[in-house]
Q: 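Below is the structure I would like to discuss, written out as structure tokens.
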Protein chains: 2
Amino acid sequence: MAGFARFQAVLRLFDETASAWTVPAMSDALGVPASTVYRTVRDLVAGGFLEAAHESVYRLGSAFIEYDRLLRLTDPLVAAGRGALHDLVAQAHTPCVALLSRLYNDQVMCVVDEAARDTAFRPSYERGRPMPLTQGATSKVILAHLPARQLNRLIGGPKDGDARHAALRRELADIRKRGFCATASEIDAGLAGIAAPVIVREAGIIASLSLVADDSRLEESQRRRLVLLVVSAASLVAEELRYALTPPTIVEPRHKMVKQ
Amino acid sequence: MAGFARFQAVLRLFDETASAWTVPAMSDALGVPASTVYRTVRDLVAGGFLEAAHESVYRLGSAFIEYDRLLRLTDPLVAAGRGALHDLVAQAHTPCVALLSRLYNDQVMCVVDEAARDTAFRPSYERGRPMPLTQGATSKVILAHLPARQLNRLIGGPKDGDARHAALRRELADIRKRGFCATASEIDAGLAGIAAPVIVREAGIIASLSLVADDSRLEESQRRRLVLLVVSAASLVAEELRYALTPPTIVEPRHKMVKQ
DNA sequence: AAATTAATTCTCAAAAAATGAGAATATTGA
DNA sequence: TCAATATTCTCATTTTTTGAGAATTAATTT
């Protein structure tokens with residue numbers, strides 16, 4: 001293990017259930033000598049990616065908060081999504097959570113979320129949490145609009161198809177045709193998801209905007225209304241992105257030299 | 001430049017005003033050959049720390065969103081602060097923004113923020129934004145409770161004191177004695193800040209909890225009430241942290257081997 | 001205060017990886 | 001299709017990283 005992988009491997013140790021690590025424990029878990037891990041950790045601490053808590057225990061560092069803010073402020077999808085989701089949950093006039101999600105490696109990740117006032121539940125999809133590719137309206141809408149090659153890589157080519165695989169393919173084709181996807185209890189029991197695609201081919205953006213609401217309270221007319229809201233919010237976001245991205249974001253070299 | 005510095009240098013290029021970079025531009029800015037930067041960027045993209053937008057332009061990657069979520073969920077200070085700030089802005093009964101901030105390298109960074117309903121302004125202090133050490137109630141409260149050695153390193157030893165330096169020292173001593181700090185228009189014109197320390201020595205935690213409100217609307221009685229609120233919220237957070245951290249977070253080695 | 005234990009840094013030679021310049025290749029837009 | 005860029009590749013050289021254990025430091029106990 002070398003180069004960046006070394007740092008990645010350490011950072012990947014941290015998750016919801018293991019949020020604090022000692023160096024010996026990392027050394028153990030990674031099968032790498034302690035002296036090596038100490039050096040790696042020292043670098044990560046210097047960069048703010050890890051922080052020494054008390055008693056030789058390390059946690060994720062504040063640099064992630066800093067970079068997350070930058071991303072929130074500067075990422076076109078996130079920026080466009082924030083306003084749209086805010087409006088969407090207000091117009092929904094019912095407890096719900098709105099999400100904007102995109103592909104992230106082999107999973108789908110929500111990059112903006114917003115809950116309506118007085119929404120008691122929280123869906124499993126939430127900002128920053130990687131979710132499975134093939135379940136839930138949010139993910140399926142993204143899958144449905146992926147270029148064929150990429151889709152094949154992610155869920156396997158059309159030939160190696162068992163029955164479930166063929167069914168998924170059919171469902172995706174259907175979603176593409178309809179322009180939205182609605183599911184219930186696929187991710188969270190009792191919650192329904194309604195998702196529509198946010199596609200800006202020129203910019204390589206394939207995302208999905210979705211609304212999660214309590215399924216039992218969702219009458220058919222209400223459901224149709226929300227589908228319309230979601231679909232139009234999604235095309236609004238797409239439009240905003242097209243507009244924001246046409247004068248392609250200028251990259252100005254700053255001729256800043258790096259020290260050392 | 002080698003090791004981790006290489007990756008850091010690339011990531012540090014990204015900020016609010018330069019959020020999208022081409023490799024040639026990075027190569028230029030860093031004074032490093034393009035072929036080298038391509039390799040570095042490839043690693044960062046593989047790790048999710050950078051993402052290729054359209055047309056050979058790179059942006060910060062979603063890994064930051066993922067790690068930020070983990071941090072939000074697992075960092076004791078952040079976790080304790082979220083609830084406290086939520087309650088605080090509700091009890092304030094006036095438009096305001098509450099912040100929980102800590103030292104971050106040579107600056108102060110807010111790690112949780114929460115605005116009361118119908119708060120029109122947004123203070124410069126916001127989650128993830130590094131702020132100067134010596135201005136604003138938020139920062140001063142932190143400075144005031146730093147161990148002498150650390151303080152000397154950050155603002156210079158007691159001997160090399162000009163008038164301003166001596167005044168700051170006096171102010172810090174005063175803050176330590178009073179147990180809070182209130183300022184007005186030090187960071188944002190027209191906004192007042194009230195901050196109290198969140199100290200948990202056993203855990204090495206030195207943070208500050210603050211409330212920002214419109215200065216012109218702030219009568220003396222109201223101000224006193226808010227000071228009380230802030231001070232008690234701060235000690236509540238400290239107490240919660242002591243409780244959460246006494247059974248020191250167990251680090252369970254997972255004996256997970258790294259691939260490759 | 002000394003002793004014990006654990007954490008962390010240091011040392012150094014061997015092994016591995018990064019570097020840079022340019023060639024080779026892919027991708028993109030006209 | 002052609003040009004213009006972007007990106008990857010190649011390879012000899014230089015520079016790190018690595019790992020094992022010793023040395024040091026820090027924390028805790030006796």
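Proteins come first, then strands; the chains are lettered A, B, ... in the order of their sequence lines, and each starts at number 1. Keep in mind that what you see is a predicted model, and the values were worked out from it rather than measured.
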Q: What heavy-atom pair brings A:Val23 and A:Ala34 nearest, and what distance separates the two atoms?
A: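 Reported closest heavy-atom pair: CG1-O, 4.1 Å.
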Q: Within this structure, what is the CZ-to-P distance between B:Arg201 and D:dA27, rounded to whole angstrom?
A: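 Answer to the nearest Å: 15 Å.
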Q: Let me know the distance between CG of B:Leu30 and P of C:dA18, rounded to the nearest Å.
A: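 B:Leu30 atom CG is separated from C:dA18 atom P by 17 Å.
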Q: Within the structure shown, what part of the strands sits under 4.0 Å from A:Phe4 by heavy-atom distance: base, sugar-phosphate, or nothing?
A: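 It contacts nothing in the nucleic acid.
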Q: State, without any angle test, whether A:Ser139 and A:Tyr125 hold a side-chain donor-acceptor pair at a distance under 3.5 Å.
A: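 Yes, side-chain donor-acceptor contact under 3.5 Å.
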Q: Nearest-Å distance, OH (B:Tyr38) to C1' (C:dT19)?
A: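 That distance rounds to 17 Å.
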Q: Using whole Å, what does the distance between atom P of nucleotide D:dT10 and atom CZ of B:Arg39 come to?
A: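 Atom-to-atom, B:Arg39 to D:dT10, this comes out as 12 Å.
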Q: I need the single residue from A:Leu44, A:Leu30, A:Thr40 that forms a side chain to side chain contact (heavy atoms under 4.5 Å, CB included) with A:Arg6. Which is it?
A: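 It is A:Thr40; the other options fail the test.
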Q: Reading DNA chain C from 5' onward, which residue's closest nucleotide shows up sooner: A:Val23 or A:Ala2?
A: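 Looking at DNA chain C, the more 5' nearest nucleotide goes with A:Val23.
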Q: Could you state the atom-to-atom distance from OH of B:Tyr58 to C1' of D:dT7 in whole Å?
A: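 The distance from OH of B:Tyr58 to C1' of D:dT7 comes to 8 Å, rounded to the nearest Å.
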Q: Starting at atom NE2 of B:His54, determine the distance to atom P of D:dA6, rounded to an integer number of angstrom.
A: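 In whole Å, D:dA6 P lies 13 Å from B:His54 NE2.
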Q: Give me the atom names and distance for the closest heavy-atom approach of A:Leu70 to B:Glu16.
A: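 Looking at all heavy atoms of both residues, the shortest contact is CD2-N, 3.4 Å.
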Q: Does D:dT18 have OP1 or OP2 sitting under 4.0 Å from an N or O in the side chain of A:Thr36?
A: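 So the side chain of A:Thr36 is outside the cut-off, no N or O lying under 4.0 Å from OP1 or OP2 of D:dT18.
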Q: Before accepting this row, confirm whether a basic side-chain N of the pair B:Asp68/B:Arg127 lies closer than 4.0 Å to the acidic partner's carboxylate O.
A: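 Here B:Asp68 pairs with B:Arg127 in a salt bridge, since their nearest N and O are under 4.0 Å apart.
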Q: Which nucleotide in the set C:dG20, D:dG19, D:dT16 lies at the smallest distance from any side-chain heavy atom of A:Pro33?
A: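 That would be D:dG19.
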Q: Look at all strands and tell whether B:Ser35 reaches a base, only sugar-phosphate, or nothing, counting heavy atoms closer than 4.0 Å.
A: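 Touches a base.
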Q: Classify B:Arg6 by what it touches in the nucleic acid, base, sugar-phosphate, or nothing, heavy-atom distance under 4.0 Å.
A: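 Since only primed, P, OP1 and OP2 atoms lie under 4.0 Å of B:Arg6, the category is sugar-phosphate.
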Q: Please give, in whole Å, the distance from D:dA6 C1' to B:Arg42 CZ?
A: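 Atom-to-atom, B:Arg42 to D:dA6, this comes out as 13 Å.
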Q: Atom CG of A:Asp43 and atom P of C:dA18: how far apart are they, to the nearest Å?
A: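 Answer to the nearest Å: 14 Å.
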